Protein chains: 2
Amino acid sequence: MSRQRTAVRQELAKESAFRSAQEIYARLRSAGNRVGLTTVYRALQALADGGEVDVLRSDDGEAAYRLCSQSHHHHLVCRDCGRTVEVEGRAVERWADQVAGRHGFTGVEHTVEVFGTCADCSA
Amino acid sequence: MSRQRTAVRQELAKESAFRSAQEIYARLRSAGNRVGLTTVYRALQALADGGEVDVLRSDDGEAAYRLCSQSHHHHLVCRDCGRTVEVEGRAVERWADQVAGRHGFTGVEHTVEVFGTCADCSA
DNA sequence: AGTGGAAATGAAAACGGTTGTCACTTTCTC
DNA sequence: GAGAAAGTGACAACCGTTTTCATTTCCACT
């Protein structure tokens, strides 16, 4: 684990919202951390491949990254402020398995994202 | 409503899956329809603004468009051959609303995609 | 410490989907 | 029909992301 990747991971750990690669790059730079944009992308990719971060696409096409815990879960994302809540969904897991099985599918995976406006933002 | 926009809408109506702007453009062109890529984008934008089509972002950053379907459903996608089955999920709808409500979120939407290997491909 | 090979880095260029520009054409409205 | 408003499309610009490739760092083994 190189200095740069450690820095990226630490930056992600500072806040639990989804953040863009560009934003993380800017923060690291303005904090005096010498790191290249390419490296930030690669670090995020590596972390995502290793299952340490979740990735999702915002409406404008930017990718957003967020450290996540090991256990399987889904996200409830505020569409205004980006705040996210990790939620479990045994009901969804069961439903996905059933539906897939009924159609003869095996090796089932699924992605579920729930969007809404959080209490603070709707106030 | 111009000839081009009508063509875009008709093309969307041919299939109920999410399709990219580029793909729709290619189909229209290869069908002999003289239309510009810019116009396809604008037509899709206009349809989306008018609430006639749904937009979502795929993992690679492309935007995907689909005529607003009469009935809300999700997709079961084979990861080998790409075959998709449209499935309903009342259980998921209920779960999403519950989870969001429990955390004070309003205006709830959600995306659910299930991936697996279909019977043909696993044989 | 020294060495060699694998992995990581980063500046710059390439890439690709999308959007802006602007001169031109089509379509409404009276 | 005439004038206004909206739409069109070739092309260039935009911007987030990925690739390239020469250089640097890390690490295992002597």
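Note that this is a predicted model, so its numbers are computed, not measured. Within every chain, numbering begins at 1; the chains are lettered A, B, ... in the order of the sequence lines, protein sequences first and strands thereafter.
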Here the gap from B:Leu67 atom CG to B:Glu11 atom CD, rounded to the nearest 0.5 Å, amounts to 10.5 Å
For the pair B:Leu76 and A:Val99, evaluate side chain to side chain contact (heavy atoms under 4.5 Å, CB included) and give the outcome as yes or no after the intermediate values. CA-CA 8 Å; B:Leu76 175 57; A:Val99 156; 4.2 Å; yes
Apply side chain to side chain contact (heavy atoms under 4.5 Å, CB included) to residues B:Val87 and A:His103 and explain how you reach the verdict. CA-CA 10 Å; B:Val87 294; A:His103 290 88; 3.7 Å; yes
Can you list every ring pair (Phe, Tyr, Trp, His ring centres under 6.0 Å) pair that touches residues 2-41 of chain B, not counting sequence neighbours? none
Less than 4.0 angstrom between a side-chain N/O of A:Gln4 and OP1 or OP2 of C:dG10, yes or no? yes
Taking atom P of C:dG17 as reference, at what distance in whole Å does atom CZ of B:Arg19 sit? 16 Å
Between P of D:dT18 and CG of B:Asp59, the distance in whole Å: 11 Å
Rounded to the nearest angstrom, tell me the gap between atom CG in B:Asp60 and atom P in C:dT18. 9 Å
Any idea which heavy atoms bring B:Arg27 and B:Ser30 closest together, and the distance? O-OG, 3.2 Å
Are any of B:Arg5's side-chain N or O atoms less than 4.0 Å away from OP1 or OP2 of D:dA6? no
Whole Å only: how far is the CD atom of A:Glu23 from the P atom of D:dG16? 12 Å
Could you state the CZ-C1' distance from A:Arg3 to D:dT24, rounded to the nearest angstrom? 11 Å
Go through it in stages, so that I can follow the logic: the residues are A:Arg57 and A:Glu113, the test is salt bridge (Lys or Arg N to Asp or Glu O under 4.0 Å), and I'd like the CA-CA distance, side-chain angles, deciding distance and then a yes or no. CA-CA 11 Å; A:Arg57 293 270 172 180; A:Glu113 304 286 344; over 6 Å; no
Given atom CD of B:Gln22 and atom P of C:dT19, what is their separation to the nearest angstrom? 11 Å
What is the separation between atom CZ on A:Arg42 and atom P on D:dT20, rounded to the nearest whole Å? 11 Å
Reckon A:Tyr41 has a side-chain N or O less than 4.0 Å from the OP1 or OP2 of D:dT18? no
Parallel, tilted or perpendicular for A:His110 and A:His74, by the 30°/60° rule? tilted
Measure distances between side-chain N and O atoms of B:Arg57 and base N and O atoms of C:dG17, and say whether any donor-acceptor pair falls under 3.5 Å. no
5' priority, DNA chain C, between B:Ala21 and B:Ser2 [closest heavy atom]: B:Ala21
Got a sec? Which of residues 32-40 of chain A come in under 4.0 Å of DNA chain C, heavy atoms? A:Arg34, A:Val35, A:Gly36, A:Thr38, A:Thr39
B:Arg29 or A:Ala64, whichever maps to the more 5' nucleotide of DNA chain D: B:Arg29
Length of the line joining B:Leu44:CG and D:dG9:C1', which is rounded to integer Å: 15 Å
